[in-house]
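Just so it is clear: chains get the letters A, B, ... in the order the sequence lines come, proteins before strands, and each one is counted from 1. The model shown is predicted, which means the values in this text are computed figures rather than measured ones.
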Number of protein chains: 2
Amino acid sequence: MQGINATGMEQLSTVAEVSKRTLYTHFPSKDGLVEAYLQSLKDDLLPVLPSPAQPTPSPREQLLAVFDWKLPETTAPFRGCPFLNVSVEVPDPGHSAHQLAAAYKREFARRLTDIARQAGVADPENLGEQLALLFDGAAARGTALNSSDTGVCARSIAESLVDAALTDVGPASP
Amino acid sequence: MQGINATGMEQLSTVAEVSKRTLYTHFPSKDGLVEAYLQSLKDDLLPVLPSPAQPTPSPREQLLAVFDWKLPETTAPFRGCPFLNVSVEVPDPGHSAHQLAAAYKREFARRLTDIARQAGVADPENLGEQLALLFDGAAARGTALNSSDTGVCARSIAESLVDAALTDVGPASP
DNA sequence: GCCTATGTAAAACGATCGGTATCCTTAAGG
DNA sequence: CCTTAAGGATACCGATCGTTTTACATAGGC
């Protein structure tokens with residue numbers, strides 16, 4: 001990726017192997033296409049809430065999993081979180097793409113909060129927000145430094161926060 | 001601010017009350033102007049290292065001060081850290097503006113590391129990197145959510161990290 | 001008074017981009 | 001075979017942007 005503003009419709013139609021005309025029959029405008037793209041990303045990237053009928057890992061693993069990034073083995077520079085990037089590339093808070101990014105970030109924290117709450121953490125909102133902030137820090141710093149190593153730094157902090165919150169509950173909660 | 005890409009030279013010359021021609025006699029290009037702007041920001045925003053001949057606050061205060069943001073009382077939306085924004089708006093890792101932002105971010109962490117080292121922290125590099133990551137998280141998340149409240153969340157995490165690192169040293173170190 | 005230098009205002013240029021229209025090929029259905 | 005609908009390639013349009021150039025104003029040195 002190279003940023004939204006630097007990506008033209010011409011280029012998109014080329015790599016999609018679709019004419020620009022067909023592109024504009026499927027999407028009303030570039031803004032609409034960006035929104036659809038972000039919506040699809042949303043479903044792919046949001047942390048999955050624990051489902052009752054699944055081999056669920058421990059809450060600790062669930063909360064820390066967001067810091068284990070599986071990178072595509074490309075030569076492209078590391079670009080962090082697409083939603084953070086959108087909120088920078090589209091500064092207008094009233095723009096739909098910016099609002100969509102904000103909604104994603106809120107939902108992201110909410111899911112972490114839900115996992116924490118189900119695990120019996122005392123202040124799940126606080127832990128969820130803290131972990132989300134750590135994630136965003138790792139993503140943003142990774143973008144600036146062109147490195148994904150920031151994830152392990154964030155994870156180490158997250159481990160101490162999660163462990164502290166979970167030991168307050170007691171290792172064997174009802 | 002509204003982002004680098006969205007700010008034209010026309011607008012700059014207008015608010016600077018200077019003709020576009022004079023602008024181009026002082027700066028070789030828009031890239032050059034952006035570089036100069038970032039350089040000036042660098043000197044203003046980097047955490048100040050403790051100087052021997054100053055009424056120095058405690059190391060704890062110094063390390064946590066970066067999370068106390070003094071906001072101009074404008075109606076403009078909160079835009080986080082300009083250097084993080086640049087690294088997103090100029091995705092090319094080879095571009096001078098991108099590299100300047102990366103250099104700032106490294107220097108930022110290095111200064112925190114220096115303060116931690118002078119305070120006798122066991123692993124100052126780790127603490128400096130952790131605090132820098134927290135700062136970037138607060139800035140990035142603040143940009144996405146259009147709020148500066150993320151600073152207090154980051155500061156609370158930072159307090160626990162700093163306090164843990166300083167109590168390992170012992171409250172009364174030699 | 002005149003020359004030069006410097007700056008302003010504004011036009012103009014080339015490039016790029018989002019978006020639309022035009023022309024052509026292709027393939028299915030009768 | 002003919003019609004028709006859909007899509008591909010591409011030219012085009014208007015706008016914007018970075019940059020340069022042109023024309024004009026102003027002020028100091030001789």
Kindly list each side-chain donor-acceptor pair under 3.5 angstrom involving residues 121-131 of chain A, sequence neighbours excluded, with atom names and distances?
from   : atom 1 : to     : atom 2 : distance (Å)
A:D123 : OD1    : A:N126 : N      : 3.3
A:E125 : OE2    : A:R117 : NH2    : 2.8
A:E129 : OE2    : B:R141 : NE     : 2.8
A:E129 : OE2    : B:R141 : NH2    : 3.4

Without placing hydrogens or testing angles, list every side-chain donor-acceptor pair under 3.5 Å for residues 77-95 of chain A, not counting sequence neighbours.
from  : atom 1 : to    : atom 2 : distance (Å)
A:R79 : NH2    : B:V88 : O      : 3.0
A:N85 : ND2    : A:R79 : O      : 2.8
A:N85 : ND2    : A:C81 : O      : 3.4
A:S87 : OG     : A:L84 : O      : 2.7
A:E89 : OE1    : A:I4  : N      : 3.4
A:E89 : OE1    : A:N5  : N      : 3.2
A:E89 : OE1    : A:N5  : ND2    : 3.2
A:E89 : OE2    : A:I4  : N      : 2.5
A:D92 : OD1    : A:G94 : N      : 2.9
A:H95 : ND1    : A:A97 : N      : 3.0
A:H95 : NE2    : A:D31 : OD2    : 3.1

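Evaluation of the side-chain hydrogen bond (donor to acceptor under 3.5 Å, both in side chains) rule for B:Q11 yields B:Q2 as partners, not counting sequence neighbours. The side-chain hydrogen bond (donor to acceptor under 3.5 Å, both in side chains) search around A:S19 returns A:T22, not counting sequence neighbours. Contacts of B:S96 classified as side-chain hydrogen bond (donor to acceptor under 3.5 Å, both in side chains), with partners at least two apart in sequence or in another chain: B:E35.
Identified under the salt bridge (Lys or Arg N to Asp or Glu O under 4.0 Å) test for residues 58-70 of chain B, with sequence neighbours left out: B:R60-B:D163, B:D68-B:R155. For the salt bridge (Lys or Arg N to Asp or Glu O under 4.0 Å) condition, the pairs that include at least one residue of residues 3-17 of chain B, sequence neighbours left out, are B:E10-B:K20.
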(request) Would you give a per-nucleotide map of nucleotides 11-28 of chain C, 5' to 3', where B means the base has a protein non-hydrogen atom under 4.0 Å away, S means only the sugar-phosphate does, and - means neither? (result) -------SBB-BB-----
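DNA chain C is contacted by no residue of residues 89-97 of chain A, taking any non-hydrogen atom closer than 4.0 Å.
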